[in-house]
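Just so it is clear: chains get the letters A, B, ... in the order the sequence lines come, proteins before strands, and each one is counted from 1. Nothing here was measured: the structure is a model prediction, and the numbers come from that model.
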There are 2 protein chains.
Amino acid sequence: MARPREFDQEIVLNQAMEVFWRKGYERTSIQDLVEHTGVHRGSLYDTFGDKNQLFLQCLDLFRSKDRAFGILEEEGESKEVLRRYFDRLIDYALNDDAGRKGCLIANTAMEMGAIDSSISVRVEAFSMDVETSFYKFLMRAQQRGALKKKKNVRELARFLVSIRYGLYVLAKTTTDRKVLEDAANVAMLIMV
Amino acid sequence: MARPREFDQEIVLNQAMEVFWRKGYERTSIQDLVEHTGVHRGSLYDTFGDKNQLFLQCLDLFRSKDRAFGILEEEGESKEVLRRYFDRLIDYALNDDAGRKGCLIANTAMEMGAIDSSISVRVEAFSMDVETSFYKFLMRAQQRGALKKKKNVRELARFLVSIRYGLYVLAKTTTDRKVLEDAANVAMLIMV
DNA sequence: AAAATAGTTGACTGATCGTTCTTAAATAAT
DNA sequence: ATTATTTAAGAACGATCAGTCAACTATTTT
């Protein structure tokens with residue numbers, strides 16, 4: 001490589017992801033990306049390919065970065081751990097400073113749906129990650145006696161995925177924290 | 001009015017709504033609307049105003065037309081009624097012939113978020129409609145003894161709203177009916 | 001020091017976007 | 001029958017879109 005790049009690929013990819021996350025794929029123009037990364041159009045194309053390819057890399061980055069589920073692996077009583085997870089989710093989803101962007105994958109699933117297979121593959125994979133995180137959490141809880149043995153952990157995990165997505169949608173329909181807390185409160189009742 | 005309109009405003013508005021519903025606001029071009037309604041661009045502008053105004057009218061039409069909650073007012077055991085509601089929702093959300101469009105308001109909330117106040121007002125209003133439908137249903141169930149007196153009906157209603165939205169998102173991440181059914185099954189447990 | 005290589009840059013492409021305008025056509029009022 | 005009024009329709013508007021390319025610059029290799 002003769003002349004070195006003047007920007008950090010990872011940083012720029014994160015900045016691009018931020019824009020797609022906030023505005024969605026269609027509303028994001030190349031010009032937006034240029035302005036928010038400070039990188040020339042041509043360099044973006046040389047480095048990341050076209051808009052669609054760049055977006056796919058942002059989806060991959062999001063999947064690899066989302067550490068919200070780390071909370072589920074922390075120590076503590078299972079019910080309290082789950083409550084902490086929801087609390088943080090609600091905090092984040094409603095936080096104006098964070099841009100109330102929601103979940104990039106959920107946003108993308110809603111915007112692009114089943115249009116492009118290279119996208120739906122990634123949406124599906126992430127959704128599966130989420131389910132698996134909940135599944136593992138619930139299995140641990142069950143082994144610890146915090147969840148009845150007869151409970152169907154797969155069902156419960158999918159239920160939690162649904163609640164998770166539901167809360168992100170709710171956060172786009174209201175700024176009333178109580179609404180999301182009420183929903184999460186009821187959802188917590190499964191931990192018996 | 002001298003020369004009469006050659007098209008039915010209501011039919012055309014429904015056709016436009018269909019397109020916005022399927023493709024979202026940003027991905028829908030005036031040309032798309034022209035092709036799916038058979039109405040000239042100029043006539044669309046004369047009749048409905050610009051793209052944004054037309055879209056708002058589609059949101060209003062959607063709100064006034066969504067009769068899915070009629071199921072909740074039907075006769076029968078409360079738990080069975082709720083199950084029927086979820087069954088139909090899942091049927092619709094996954095039905096290819098229906099276009100797997102999801103819920104126009106949820107789609108719009110995710111796409112437009114809190115960008116435009118004239119839109120978020122409508123999103124909020126519809127979301128409140130949904131909550132109220134569930135609330136009334138749950139109150140009837142409680143009076144009928146199908147729901148414990150001590151249950152917080154407002155909380156439960158908001159929980160159901162969250163599940164409803166969650167299922168619509170889930171339907172965009174997978175075609176596996178079992179995933180949605182599992183989530184709905186767990187949600188049904190609140191009816192005790 | 002010269003050549004080869006790779007990244008940066010500004011200008012530009014054709015296509016499509018939402019929107020408007022002028023002209024023609026159809027009906028109602030006179 | 002003529003005029004007034006409203007709608008329809010084709011063409012065009014400037015703006016913006018995603019994407020490209022040749023000229024230029026900085027670094028590595030020879």
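Counted within 6.0 Å of CD on A:Glu74, heavy atoms from surrounding residues, nucleotides or ligands total more than 12; the atom is thus considered enclosed. Within a 6.0 Å sphere centred on NZ of B:Lys136, other residues, nucleotides and ligands contribute 12 heavy atoms or fewer.
With salt bridges taken as basic N to acidic carboxylate O contacts below 4.0 Å, none links A:Arg154 and B:Asp182.
Taking a 4.0 Å limit (strictly below) on heavy-atom distances, residues 16-48 of chain A reaches DNA chain D at A:Thr28, A:Ser29, A:Ile30, A:Arg41, A:Tyr45.
Note: CG (B:Asp50) to P (C:dT20) measures 8 Å, nearest angstrom. Whole-Å rounding puts the B:Glu6 CD to D:dT7 C1' distance at 7 Å. Between A:Phe55 atom CZ and D:dA18 atom P there is a gap of 13 Å when expressed in whole angstrom units.
For residues 31-53 of chain B, the pairs satisfying salt bridge (charged side-chain N to carboxylate O under 4.0 Å, His left out) are B:Lys23-B:Asp32, with sequence neighbours left out. For residues 104-116 of chain B, every residue pair satisfying the side chain to side chain donor-acceptor pair (under 3.5 Å) rule, not counting sequence neighbours, is listed here: B:Asp116-B:Ser118.
Between A:Tyr92 and A:Trp21, the ring planes lie tilted relative to each other; the angle falls in the 30° to 60° range.
Close to C:dT5, at under 4.0 Å from its OP1 or OP2, lies no side-chain N or O of A:Arg3.
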